[in-house]
Protein chains: 2
Amino acid sequence: MLYAVVMSSALPPLPKPQEPLESSHLLEIGPASDEPCLRADAARNRARLLEAAARLIAEHGVAGVTMEAVAAAANVGKGTVFRRFGDRTGLLTALLDHSAKQLQADFLSGPPPLGPGSPPLERLRAFGVAVLYRTAEQLDLQLAAQPEPTRRFAHPAAGSLRMHLTVLLRQIVPGADCDLLAHTLLASLDPALIHHLTRQRGMPMERLEAGWLDLVARVTRTDPPR
Amino acid sequence: MLYAVVMSSALPPLPKPQEPLESSHLLEIGPASDEPCLRADAARNRARLLEAAARLIAEHGVAGVTMEAVAAAANVGKGTVFRRFGDRTGLLTALLDHSAKQLQADFLSGPPPLGPGSPPLERLRAFGVAVLYRTAEQLDLQLAAQPEPTRRFAHPAAGSLRMHLTVLLRQIVPGADCDLLAHTLLASLDPALIHHLTRQRGMPMERLEAGWLDLVARVTRTDPPR
DNA sequence: AAGAAAACTGGACCGCGGTCCGTTTGGGGT
DNA sequence: ACCCCAAACGGACCGCGGTCCAGTTTTCTT
C-alpha cells in the first residue's frame, strides 16, 4: 500500500517490473517506493544482488558491473536481475538509493542550514553545496547510473530534488517562474557537468561551490529586471 | 535535400578513427577540421552513408538508424561506417553538422541581433533563443546524438557554443566567473531538458523562451551581490 | 608504367543489455 | 497437511554497437 497511493503509472502486478514512479508531484520517495511485500526468496536475492554489485564495483570499477557478472556473482539467473531492477540503470540507481534518501532526509527534516529552520536563501545555498559534494563523492556511480537522455529527468529522485528547489525558490523569488528556474539550477549541478569541470577541466570543487553561491545570488536578486 | 553531404568532421588518416578534437580553445570548428584529403572511394562512401542514414530517419525515425542498417542501405560494409564516423554518435552528429555550422556562422558573422553589431546583452538573448528553437526543431536527432555522460561536454560543437557564450559574458559581467557561468547557461539549453519540458511536461516554447530571457536578465544584473 | 606503401573495405566475431518462456517455489486458504 | 497459483526463477535467445584483420583499391614514387 505504501506505494499504491503514489504511483500514477498504474502497473498491475505484471511482468513489467520497474515502477519508474512517474510522480514528480510527491515530496518523498522514501520507504514508499519499496516493494511492499517481497517473497522471501526474492528479498534474499535482491540483497545478494546488491551486495554482489557493490563488490564488483569495489573490485573492477563501475565498468565491471555487468548484468551477467552481477547475476553470476550472486548465484542467480540473469532474468532475475532484470526482473528485480528493470535494467542496468535501475540496479545502479538502487545502489545510490541509500545516499539519495539520506540527502532527502537531510533537507526535509535535518538540522539547519540544510533543513528547515534557516531562511530559504540560506537553505538554497546549502542545498547546492550538499548536492555538489555528494555527487562528487560518487561521481563514477552517478555517471553510470544516468539513464538515456529521454528518461533523465523522469527519474524520481531528481524529481524530489527539483520539487524541493521549487518550494524554496517560491519563497525567495515569488514573482519568477520557479518551476523553470529550478530546472535550470539543477542542471548546473548535473553529474556529467561536474565530471567535466572537475576531471576534464581540472577545476577544484571550491570553484564550483563558489560558482553555485554566485549563481544563486544572481538569480535571487529581487530588484526589478531591466 | 542533400544535406551537407560531403562536409566536415572527419578524421585525419589515423588508425584510431575518431579524433574527438579536444579543442576547446579554438573558435571555429568550421572547414578547418575537414578531412584534409579523403580517398575518392572513401568520400563517395561517406556521402552514400549520410544519405542512407537520412533516408532511414525519414522512414523509420531515429531509432531505425542502426549501424548495420545504414551500412546495408548504403551498400557498404559495417566496418566502413565505423571507420568513417567512429561510432553511432559520430554518425548522428555528422547529420547535424550542417545545421551546427549554420548556427555558428550566424552568431559569428551573421546579421544582428545574433551576429556582431548588437550590444552583447542583446546578442546573448538572441543566442539562447536561436539555440532553443534549433534544438526543438531537431529534438529527436539531437537526443539520439547525445553521447554518453562522460563525453557530453567534450563534444567540439558544444565547445564552440560555450566559447561564444563565454566571450559575450565577459563583456557583460566582467567580474564573474564567466567560464562557469557559460556552462550553467548552456546547461539550461540542453536538448534533454528541452525535451523533458516540452514533451513530457507540456510547456510551450514561448515559456522556455521567456525563461531564458528572464534567466539572462537575472544573471547579468550588475549591482553588487548582497 | 610498374611496384610498393598507405588507406580503405567488408563481414565474421564478440560482449552486453534486454526479452521470453517453460519450470519451480513460496505461502495463503481450506 | 495439502493444494494451488501468483510470483519468482534461470538461462537460451536476440539485436545491436563495436572490434579485427585478411584482402582489395588508390595513390605516390621513380
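Every heavy atom of this structure was used, including side-chain atoms; hydrogens, water molecules and symmetry mates were not. In what follows, chains are A, B, ... by sequence order, proteins preceding strands, each numbered from 1. Treat the numbers as computed from the prediction; the structure is a model and nothing was measured.
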Euclidean distance, atom [atom1] of residue [X] to atom [atom2] of [N] [Å, nearest integer]:
{"X": "B/Leu91", "N": "D/dG18", "atom1": "CG", "atom2": "P", "result": "11 Å"}
{"X": "A/Arg46", "N": "D/dG10", "atom1": "CZ", "atom2": "C1'", "result": "19 Å"}
{"X": "B/Phe85", "N": "D/dG17", "atom1": "CZ", "atom2": "C1'", "result": "16 Å"}
{"X": "A/Leu92", "N": "C/dG17", "atom1": "CG", "atom2": "C1'", "result": "13 Å"}
{"X": "B/Asp87", "N": "D/dG17", "atom1": "CG", "atom2": "P", "result": "10 Å"}
{"X": "B/Met67", "N": "D/dG17", "atom1": "CE", "atom2": "C1'", "result": "8 Å"}
{"X": "B/Glu148", "N": "D/dG17", "atom1": "CD", "atom2": "C1'", "result": "12 Å"}
{"X": "A/Arg83", "N": "D/dA7", "atom1": "CZ", "atom2": "P", "result": "9 Å"}

TODO: Please report the closest heavy-atom contact between A/Trp212 and A/Leu185, naming both atoms and the distance.
DONE: CZ3-O, 3.7 Å
- [ ] List the atom of A/Val62, the atom of A/Ala144, and the distance in Å for their closest heavy-atom pair.
- [x] CG1-CB, 3.2 Å
Distance test, side-chain N/O of [X] to OP1/OP2 of [N], below 4.0 Å:
{"X": "B/Asn45", "N": "C/dC8", "answer": "no"}
{"X": "A/Thr66", "N": "C/dG15", "answer": "no"}
{"X": "A/Arg84", "N": "D/dC9", "answer": "yes"}

State the [atom1]-[atom2] distance between [X] and [Y], to the nearest 0.5 angstrom.
{"X": "B/Leu169", "Y": "B/Arg162", "atom1": "CG", "atom2": "CZ", "value": "12.0 Å"}
{"X": "B/Leu96", "Y": "B/Lys101", "atom1": "CG", "atom2": "NZ", "value": "11.5 Å"}
{"X": "B/Arg152", "Y": "B/Gln146", "atom1": "CZ", "atom2": "CD", "value": "5.0 Å"}
{"X": "A/Arg55", "Y": "A/His60", "atom1": "CZ", "atom2": "NE2", "value": "10.0 Å"}
{"X": "A/His183", "Y": "B/Leu197", "atom1": "NE2", "atom2": "CG", "value": "5.0 Å"}

TODO: For the pair A/Arg134 and A/Asp106, find out whether any cationic side-chain nitrogen is under 4.0 Å from an anionic carboxylate oxygen.
DONE: no
Pairs under 3.5 angstrom, nitrogen or oxygen only, protein versus nucleotides 26-30 of chain C, please.
residue, atom, partner, partner atom, Å
C/dG27, OP1, A/Ala40, N, 3.0

- [ ] Just say parallel, tilted or perpendicular for the rings of B/Phe127 and B/His164, cut-offs at 30° and 60°.
- [x]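 Judged by the thresholds at 30° and 60°, the geometry between B/Phe127 and B/His164 is tilted.
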N/O-N/O pairs, protein side and nucleotides 11-14 of chain C side, under 3.5 Å:
residue, atom, partner, partner atom, Å
C/dG11, O6, B/Gly79, N, 3.3

